[in-house]
Amino acid sequence: MFDPKIWHDLFVLGIPVAEKVIRPILVYIFLIAGLRLAGKRELAQLNTFDLVVLLTISNTVQNAIIGDDNSLSGGLIGATTLLLLNYVMNRVLYASPKLDQVLEGEPTVLVKSGMVDEAACQREFVTRSELEVAAHRQGFSSLNQVEKATLEPGGTITIVGREPSLAEKHHEEVLKQLDRIRSELSQLRGAEG
């Protein structure tokens, strides 16, 4: 029923096992370094162009990982190597916060005391509109409500709202009282009529 050549092509490696293990390790190291140098933004704040680059990188490095071997065994060895390497790296980085900080990088403050740090945004390639979208996603209607916005090493933007001033709190309280008085007047007028 099955041609013996099919079984051969599925399971017999076209290159040595050591090469099948070394190739994914080298590609993994290259991609970690490349993404680190490309900046934090590449990791989570993807625009269309960033997504296209990440998708084409995966296709580009495919041959570097598998070499001249299209066997099932070779693919499984490469995938297993990547999974094990990632597991080991996660364990090492968990055990060594300093190494994690070196590899992941430092957070970058993009907004401080409500003021956008244009130089920091330029360094990280984050536009004002991307900051506004991040603020909206986290429940803020404008950047005026933001005390601090930080681009984290993983690429996410975290936002801390600013506390309203005493005058703003007083103004809000006066508006609430006026609304309450309007409501009561409306009820009184309805009761008279």
From [X] atom [atom1] to [Y] atom [atom2], the distance as rounded to the nearest 0.5 Å:
X    : Y    : atom1 : atom2 : result
T80  : K20  : OG1   : NZ    : 11.0 Å
L185 : R180 : CG    : CZ    : 10.0 Å
R189 : E184 : CZ    : CD    : 12.5 Å
H171 : L166 : NE2   : CG    : 13.5 Å
E130 : L110 : CD    : CG    : 10.0 Å

Does the side-chain contact (heavy atoms from CB on, under 4.5 Å) test come out yes or no for L82 and I65, once each step is laid out?
CA-CA 10 Å; L82 285 172; I65 290 176; 4.1 Å; yes
For [X] and [Y], which heavy atoms make the closest approach, and how far apart are they?
X    : Y    : answer
H136 : S141 : NE2-O, 3.0 Å
V146 : A135 : CG2-CB, 4.3 Å
A120 : T108 : CB-CG2, 4.0 Å
E104 : P153 : O-CB, 3.5 Å

Could you see if [X] belongs to whatever hydrophobic cluster contains [Y]? Use Ile, Leu, Val, Met, Phe, Trp, Tyr and a side-chain cutoff under 4.5 Å.
X    : Y    : answer
I15  : L13  : no
I32  : V61  : yes
I29  : L93  : yes
I25  : F30  : yes
L151 : V102 : no

Would you say [X]'s side chain and [Y]'s backbone share a donor-acceptor pair under 3.5 angstrom?
X    : Y    : answer
D69  : G14  : yes
K148 : S113 : no
R162 : N144 : yes
Q138 : I159 : yes

Salt-bridged, [X] to [Y], with N to O below 4.0 Å?
X    : Y    : value
K112 : E147 : no
E173 : K169 : no
R182 : D179 : yes

For a 4.5 angstrom cut-off between non-hydrogen side-chain atoms, does L131 reach C121?
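A side-chain contact under 4.5 Å exists here.
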Taking the side chain as everything from C-beta on, heavy atoms only, tell me whether R23 gets closer than 4.5 Å to I66.
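No, every pair of side-chain atoms sits at 4.5 Å or beyond.
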Name the atoms and distances for all side-chain donor-acceptor pairs under 3.5 Å in residues 84-92, with sequence neighbours left out.
{"from": "N86", "atom 1": "OD1", "to": "Y28", "atom 2": "OH", "distance (Å)": "2.8"}
{"from": "Y87", "atom 1": "OH", "to": "R91", "atom 2": "NE", "distance (Å)": "3.2"}
{"from": "Y87", "atom 1": "OH", "to": "R91", "atom 2": "NH2", "distance (Å)": "3.4"}
{"from": "N90", "atom 1": "ND2", "to": "N86", "atom 2": "O", "distance (Å)": "3.3"}

All N/O donor-acceptor pairs, side-chain side in residues 52-60, below 3.5 Å, sequence neighbours left out:
{"from": "T56", "atom 1": "OG1", "to": "V52", "atom 2": "O", "distance (Å)": "2.9"}
{"from": "T56", "atom 1": "OG1", "to": "V53", "atom 2": "O", "distance (Å)": "3.0"}
{"from": "S58", "atom 1": "OG", "to": "L55", "atom 2": "O", "distance (Å)": "2.6"}
{"from": "T60", "atom 1": "OG1", "to": "T56", "atom 2": "O", "distance (Å)": "2.6"}

Within the 3.5 Å criterion, strictly below it, is a donor on S73 or S71 matched to an acceptor on the partner's side chain?
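The criterion, which ignores hydrogens and geometry beyond distance, is not satisfied for S71 and S73.
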Restricting to side chain to side chain contact (heavy atoms under 4.5 Å, CB included), what partner residues turn up for I22, sequence neighbours left out?
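Per chain and number, I22 pairs via side chain to side chain contact (heavy atoms under 4.5 Å, CB included) with L26.
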